[in-house]
Amino acid sequence: MSEAEIFDYAIIGAGTAGCILARRLTEDGKTTVCLIEAGPPDKHPLIHMPLGFIRMLFEPKHNWMFMGPPDPNMKNRPTFAPRGKGLGGSSSINGMIYMRGHRADYDGWAKLGNSGWGWNDMLPYMRKSVFNENYKDGKLHDQKGELRVKYLEEPNPLNHVFVEAAQSLQKKKIPDFNAGDNEGFSIFQVTISNGRRTTAATAFLHPAMNRPNLKVMTEAQVSRIVIEKGRATGVELDVGGQKKRISARKEVILSAGAFQSPQVLMLSGIGDPAELKKHGIGVQHALPGVGKNLQEHISAPIHFMSPRTTSYGVSFAAMPKIAWNFLRYVTTRKGFFGNNIVESGGFIKTDPSLDRPDIQHIFVPTHQGKPGQLLAWGHGYRITCCLLHPKSRGEIRLSSANVHDAPVIDFKFFSDPPCPRSDMEVLIKGIKDARRILMTPAFDYYRGAAVWPAENVQTDDALRDFVREFSSTVFHPAGTCKMGKDDMAVVDDRLRVRGIKGLRVIDASIMPTVTTGNTNAPTMAIAEKGADLVKADARG
Ligand SMILES: Cc1cc2nc3c(=O)[nH]c(=O)nc-3n(C[C@H](O)[C@H](O)[C@H](O)COP(=O)(O)OP(=O)(O)OC[C@H]3O[C@@H](n4cnc5c(N)ncnc54)[C@H](O)[C@@H]3O)c2cc1C
């Protein structure tokens, strides 16, 4: 192995959190940082064109394309679990919805004993990252941050039909999903500007890339964190088959995401001793919570075909529209190639006594050829109905002691005990609500045959069976290195790994509970706060 290069900080993973951390920690021009990313640079043109989302969801060079094991509660189907791979991480392949979540999410984290993580503490960090092109009220949104956020100028017209349909059922239209209470229906704010996707890499990393105190390594996969006498002192990595070592004078920061942060910890001997032993890994520090507490938003599709060509879709009749929009996009960056497909939605409470919504409806104006697909030949639309606060908990395990073998991602969906508020029963309430919305007169002109659930799927038993056969994730894993004070917590409220010095985890894995909605904006806020904690501790 070659001689180790030395930096103040080594950051593992250049995803949503890693890019923000690299930028913030090098801002003083003195602190040295090595940002290490397993995937490639973000040069693929379809990363940057929002409609390219359809392709990036299945593009193996920029997507880990993980598969969970067959799940007995999902008719033994394996679960597709995409994750971004390369600069920007999952922010380079995600659906671009900007959603902070609900005030009660963060207040709930604080109530668990995590001081400084309530909504009022986190709001300044949410504001810090963003330049909101539509708001500058100075209380909720600013125009000072790096990441551009806005409402799409030309969402697909069916999105307005969807919001109107919800309103016709006395559901409220919400002026701003990101004000702390997101119950209601509206068009989403998105991380898109001037027809281009804004990612953690384009907003935070690229403008800082030529800082002399920042080194960015791509196609470099960390195989383990080096621990000496209870302190993280560096990392070992694999660069094109060559082993290298990077030393960290101050700290190693793990930002490899909710699947791979626990993987790297376990490969480094930090985790449940029984799990480490299975793979012949010596225990550096017993921490049974590593990889446990996996939470994800399971979702079911409520999908209709459409005899109209209003939805996005490929058909002979739609060819002129597609050609015209492509021409507009390449000449002016306008038109639907600059749209993200998942452009509106709503949050509902299936029980009015809840403190926050428990179902998110994401409206998708495309025909989905098969579950998991985003767009197929033909026209249609659907609601992806997502369960927001699952009671089931999954786990990440190792498949081997080799970092190149994907971790086992065992979601254990619907494994909570049966009861009227079980995950399955809440999701079924959500499906019924979604069906009601899509059956309102607002959709009469557009509605074709029901695809999922089929028309004859009406009873709760039939719906349960449908959920097991057709549900999938919406790609929001969290919680696998949870922050907290109990025995299963992996990091404390300064995001320091319990029992090891010089090591933090800063990414979506630290959420004790997953937020009410999409997880990119919450992860950005975690990274902003994490950067401040690192800087404060360095000052002593
Ligand atoms: C398809 C998809 C759609 C989504 N849609 C939305 C949406 O519309 N809105 C929203 O808010 N959220 C969305 N999300 C979720 C959101 O993007 C994530 O929650 C967020 O990006 C997580 O950030 P992170 O920093 O925790 O991890 P990531 O951004 O995933 O970053 C982890 C990085 O670490 C790297 N890495 C892993 N292991 C190693 C290793 N051993 N060595 C070096 N590098 C390593 C990875 O390659 C990756 O680049 C979506 C996610 C996906 C995948």
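Atoms within a ligand are numbered from 1 in the order they appear, just like the ligands themselves. These numbers were taken from a predicted model, which means no experiment stands behind them. Just so it is clear, the values below take in all heavy atoms, side chains as well, and ignore hydrogens, waters and symmetry mates.
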Quiz item: Hey, which atoms in ligand 1 end up nearer than 4.0 Å to a heavy atom of G257?
Solution: 26 (O), 27 (O), 32 (C)
Quiz prompt | Among Y151, Y135, F177, ring pair (Phe, Tyr, Trp, His ring centres under 6.0 Å) partner for H141 | solution = Y135
Quiz item: Which ligand 1 atoms does L57 reach within 4.0 Å, using its non-hydrogen atoms?
Solution: 1 (C)
Quiz item: Is there any N or O on W64 that sits under 3.5 Å from an N or O of ligand 1?
Solution: yes
Practice problem: Using distance alone, decide if ligand 1 has a nitrogen or oxygen within less than 3.5 Å of any nitrogen or oxygen in V264. | Solution: no
Quiz item: Got an N/O contact under 3.5 Å between G39 and ligand 1?
Solution: no
Exercise. Indicate yes or no: does an N/O atom of G18 lie under 3.5 Å from an N/O atom of ligand 1?
Key: no
Quiz item: So, is T16 polar-close to ligand 1, with some N/O to N/O distance under 3.5 Å?
Solution: yes
Quiz prompt | Mutual orientation of the aromatic rings belonging to W452 and F470 [parallel < 30°, tilted 30-60°, perpendicular > 60°] | solution = tilted
Exercise. Report yes if M99 has an N/O atom closer than 3.5 Å to an N/O atom of ligand 1; otherwise report no.
Key: no
Exercise. Please work out which of E219, H297, Q260 has its closest non-hydrogen atom nearest to atom 37 (C) of ligand 1.
Key: Q260
Self-check item: Sub-3.5 Å N/O-N/O distance, S509 and ligand 1
Solution: no
Quiz item: So, does A220 sit close enough to ligand 1 that a heavy atom of it is under 4.0 Å from the ligand?
Solution: yes
Practice problem: Please name the residue in the list F411, F66, F58 that meets the ring pair (Phe, Tyr, Trp, His ring centres under 6.0 Å) test with F80. | Solution: F58
Quiz item: Counting from 1, what ligand 1 atoms have a heavy atom of T519 closer than 4.0 Å?
Solution: 10 (C), 11 (O), 12 (N), 15 (C), 16 (C), 18 (C), 19 (O)
Practice problem: Report the part of A200 in contact with ligand 1, treating N, CA, C, O as backbone and CB onward as side chain, heavy atoms under 4.0 Å; options are side chain, backbone, both, neither. | Solution: neither
Practice problem: Using a strict 4.0 Å cut-off to heavy atoms of I93, name the atoms of ligand 1 that fall inside it. | Solution: 1 (C), 53 (C)
Self-check item: Stacked cation flag R23 on F204, 6.0 angstrom / 45 deg
Solution: no
Quiz item: When only distance counts, is V403 in polar contact with ligand 1, meaning an N/O pair under 3.5 Å?
Solution: no
Quiz item: Can you find a heavy atom in the side chain of R496 that is under 4.5 Å from one in the side chain of R498?
Solution: no
Quiz item: For ligand 1, which atoms, with element, lie under 4.0 Å from some heavy atom of F475?
Solution: 1 (C), 2 (C), 3 (C), 14 (N), 15 (C), 50 (C), 51 (C), 52 (C), 53 (C)
Quiz prompt | Any N or O of G95 closer than 3.5 Å to N or O of ligand 1 | solution = yes
Quiz item: So, does D507 use its side chain to make a donor-acceptor pair with the main chain of G257 at under 3.5 Å?
Solution: yes
Quiz prompt | Subset of ligand 1 atoms that lie under 4.0 Å from at least one heavy atom of K85 | solution = 47 (O)
Quiz item: Has ligand 1 got any nitrogen or oxygen that is less than 3.5 angstrom from a nitrogen or oxygen of A38?
Solution: yes
Quiz prompt | ligand 1 contacted by G86 (non-hydrogen, < 4.0 Å) | solution = yes
Practice problem: Give a yes or no on whether the ring-centroid distance for F162 and F185 is below 6.0 angstrom. | Solution: yes
